Amino acid sequence: MSDLICRFAPSPNGFLHLGHAYSALMNARFSRDHDGLLLLRIENIDRERSKPRFEQALREDLAWLGLDWPRPERRQSDFFGAYRTILDGLVGRGLAYPCFCTRGAIAAGIADKPDWPRDPDGSPLYSGSCRELSPRRRAERLAAGEKFTLRLDMARALAEVAAPLSYREFFEGETAQAMTARPDLWGDVVIGRRDVPASYHLACVHDDFAQGITDVLRGLDLEPATGLHVLLQKLFGYPTPDYRHHRLVLDAEGKKLAKSKSSIPLRELRASGVTARRVKDELSERMDVRW
Ligand code: GLU
């Protein structure tokens with residue numbers, strides 16, 4: 001057994017489709033080839049979209065694909081206390097601040113500015129108005145019970161880590177490429193949501209550390225988030241894993257499956273008599289990989 005640990009980290013807000021199967025199988029193959037461990041993590045911080053029925057379905061779908069887990073799964077909703085502690089730590093260090101702006105107000109503020117810069121997810125970069133609130137005004141608004149998100153103060157965070165950040169990226173190959181992290185592209189990104197003391201980025205980085213992940217193998221759609229994750233790792237004193245972003249399974253029109261009508265759930269394929277072997281063969285052919 002090597003010390004390699006990777007993870008598959010689905011969000012239970014829908015049924016798994018071929019794209020998820022590819023990601024899970026890529027992780028399974030990688031951990032097997034390197035005699036490592038593959039862990040399961042349920043990314044369910046979104047309290048509205050995450051549903052127990054999707055969680056149960058994904059366990060069944062993954063078992064059907066032949067995956068099993070050497071350690072108990074990690075469910076993010078069990079760790080809100082830990083996320084709150086690290087968020088409080090960032091606030092205490094002056095690296096995060098409460099933001100009272102609603103999404104609607106932010107959108108309205110840039111309505112007449114079509115060229116306003118956007119982050120890699122397409123959200124407008126935050127202007128920073130709540131960063132500039134006086135301590136007194138901020139305290140008053142908090143005391144009045146106004147709802148807020150927590151945003152990273154990107155300029156301060158970058159100043160704290162000082163040196164340019166880098167990480168190793170392998171894509172689907174075996175040769176490391178030295179990458180320069182670009183967390184600045186995210187601006188003052190939300191790291192604590194209004195309803196829960198975490199965001200995808202914060203919970204993901206903390207859990208990769210908590211689960212001892214050495215290699216993050218996930219879809220290319222998450223590659224732009226990596227620079228931000230590397231910054232958070234540095235701020236928390238966590239090691240940076242190696243990254244391996246894989247190609248996405250696309251539909252006939254070249255669109256990402258999640259956004260496509262042709263993303264038939266694995267469980268529907270199964271109900272119609274398709275075997276797990278057939279799914280693996282199909283992916284093997286479409287993506288030119290061998291399991
Ligand atoms: N939960 C994310 C998703 O389902 C994956 C996050 C990750 O692998 O970092 O897209």
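All values derive from a computational prediction rather than experimental measurement.
- Within the 3.5 Å criterion, the main-chain N or O of His245 finds a donor-acceptor partner in the side chain of Glu169.
- Both the sub-6.0 Å distance and the 45° axial angle are satisfied by Arg151 relative to the ring of Tyr126.
- Between Leu39 and the choices Pro70, Pro72, Cys6, the side-chain contact (heavy atoms from CB on, under 4.5 Å) rule is met once, by Pro70.
- For the 3.5 Å distance criterion, the side chains of Tyr97 and Asp188 qualify, holding a donor opposite an acceptor.
- Side chains of Ile86 and Tyr238 form a contact here, defined as non-hydrogen atoms less than 4.5 Å apart.
- Formation of a donor-acceptor pair under 3.5 Å by the Arg156 side chain with backbone atoms of Gly94 is found in this model.
- Atom-to-atom distance recorded for Arg267:CZ and Trp64:CH2 is 10.5 Å, nearest 0.5 angstrom.
- For the pair Leu231/Trp186, no side-chain contact is recorded, criterion being any heavy-atom separation below 4.5 Å from C-beta on.
- Residue pairs meeting the salt bridge (Lys or Arg N to Asp or Glu O under 4.0 Å) criterion with at least one member in residues 219-243, sequence neighbours excluded: Arg168-Asp242, Asp221-Lys256.
- Ion pairing between Arg47 and Asp195 fails under the 4.0 Å rule for side-chain N and carboxylate O.
- With hydrogens and angles ignored, the 3.5 Å screen pairs a side-chain donor or acceptor of Ser2 with a backbone N or O of His34.
- Between Val279 and Arg270 the shortest side-chain heavy-atom distance does not fall below 4.5 Å.
- Here the side chains of Phe79 and Arg74 are in contact, with some heavy-atom distance below 4.5 Å.
- The shortest distance between side-chain heavy atoms of Val289 and Leu283 does not fall below 4.5 Å.
- Residues Leu202 and Pro197 form no side-chain contact, since every pair of their non-hydrogen atoms from C-beta on lies 4.5 Å or further apart.
- The distance from atom CG of Asp115 to atom NZ of Lys113, rounded to the nearest 0.5 Å, is 11.5 Å.
- Residues Arg41 and Gln211 have side chains that bring a donor and an acceptor to within less than 3.5 angstrom of each other.
- In the model, Arg218 has no side-chain atom that pairs as donor or acceptor with a side-chain atom of His246 under 3.5 Å.
- Between Phe170 and Leu217 the shortest side-chain heavy-atom distance does not fall below 4.5 Å.
- Hydrophobic clustering, with ILVMFWY side chains joined whenever heavy atoms are under 4.5 angstrom apart, keeps Leu62 apart from Leu37.
- A salt bridge links Glu282 to Arg278: at least one charged side-chain nitrogen sits closer than 4.0 Å to a carboxylate oxygen.
- Within 6.0 Å of CZ in Arg93 there are more than 12 heavy atoms belonging to other residues, nucleotides or ligands.
- Side-chain polar atoms of Gln56 and Arg53 form no donor-acceptor pair below 3.5 angstrom.
- Put simply, the residue from Tyr167, Tyr200, Phe236 that forms a ring-ring contact (aromatic ring centres under 6.0 Å, His included) with His229 is Tyr200.
- Relative ring orientation between His20 and Phe8 is described as perpendicular, the plane-to-plane angle rising above 60° on a 0-90° scale split at 30° and 60°.
- Using a 4.5 Å heavy-atom threshold, the side chains of Met154 and Leu228 count as touching.
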